[in-house]
Amino acid sequence: MVYDKDTVYIIGDAQASVNNPITQQYNAFFIGLVVDTTSHKIIDAGCSSTIPLTSDFVRSIFIGHNMLLLEAVAEEIRRRYHGSSQKALIVAYKDAQKKYRLALNGREELGFQASGTV
């Protein structure tokens with residue numbers, strides 16, 4: 001997939017529980033998000049997982065959400081994702097939000113326009 005020039009790629013990471021297979025394989029839990037900086041919409045997503053279905057399901061949770069809104073995404077994770085990485089997924093999203101805000105500020109400093117409020 002080719003992404004528009006107004007998109008950024010953000011990684012959020014968190015620690016999952018020690019007995020989590022994801023922790024055993026990757027030593028951490030992380031999500032990757034492609035975000036359109038003009039609308040703040042998440043247009044693609046993936047995560048560290050031991051089976052592809054997990055990454056596909058997590059992707060379905062994130063796509064279409066506004067990157068600047070935490071609670072709507074966190075609530076959907078709590079409602080739909082019942083894996084052992086549920087808390088790590090929310091923490092990784094919070095980490096990605098912080099990095100996204102920094103990326104927006106950096107783009108503005110370089111003269112790129114971003115719509116919306118940060």
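Keep in mind that what you see is a predicted model, and the values were worked out from it rather than measured.
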request  = Please confirm whether the backbone N or O of Phe30 pairs with a side-chain atom of Ser48, one donor and one acceptor, at under 3.5 Å?
outcome  = yes
All side-chain contact (heavy atoms from CB on, under 4.5 Å) counterparts of Val34, not counting sequence neighbours = Tyr3, Thr7, Tyr9, Ile43, Asp44
message = Tell me every residue that passes side-chain contact (heavy atoms from CB on, under 4.5 Å) with Lys41, counting only those two or more places apart in sequence or in another chain.
response = Ser39, Asn66
inquiry  = Is there a side-chain contact between Phe62 and Leu89 in this structure, where contact means two heavy atoms from C-beta onward sitting under 4.5 Å apart?
reply    = yes
ask   = Mind checking whether Leu69 and His40 have side chains closer than 4.5 Å, heavy atoms only?
value = no
request  = Apply side-chain contact (heavy atoms from CB on, under 4.5 Å) to the pair Ile61 and Tyr93, showing each step before the final yes or no.
outcome  = CA-CA 12 Å; Ile61 290 173; Tyr93 181 62; over 6 Å; no
request  = Evaluate whether atom NZ of Lys99 has more than 12 neighbouring non-hydrogen atoms of other residues, nucleotides or ligands under 6.0 angstrom away.
outcome  = yes
Cluster question for you: counting only ILVMFWY and a side-chain heavy-atom cut-off of under 4.5 Å, with indirect links fine, are [X] and [Y] together?
| X | Y | value |
| --- | --- | --- |
| Leu70 | Tyr81 | yes |
| Phe29 | Ile90 | yes |
| Val73 | Val8 | yes |

ask   = Closest heavy-atom contact between Ala14 and Ala92?
value = CB-N, 3.8 Å
Supply the atom-to-atom distance [X] [atom1] to [Y] [atom2], rounded to the nearest 0.5 angstrom.
| X | Y | atom1 | atom2 | result |
| --- | --- | --- | --- | --- |
| Glu75 | Arg80 | CD | CZ | 12.0 Å |
| Asp36 | Asp6 | CG | CG | 6.0 Å |
| Cys47 | Asp56 | SG | CG | 9.0 Å |
| His82 | Phe57 | NE2 | CZ | 8.0 Å |
| Arg101 | Ile10 | CZ | CD1 | 12.0 Å |

query = Only one of His65, Met67, Arg59 clears side-chain contact (heavy atoms from CB on, under 4.5 Å) with Leu33; which?
reply = Met67
key: Partner set under salt bridge (charged side-chain N to carboxylate O under 4.0 Å, His left out) for Lys94, not counting sequence neighbours   = none
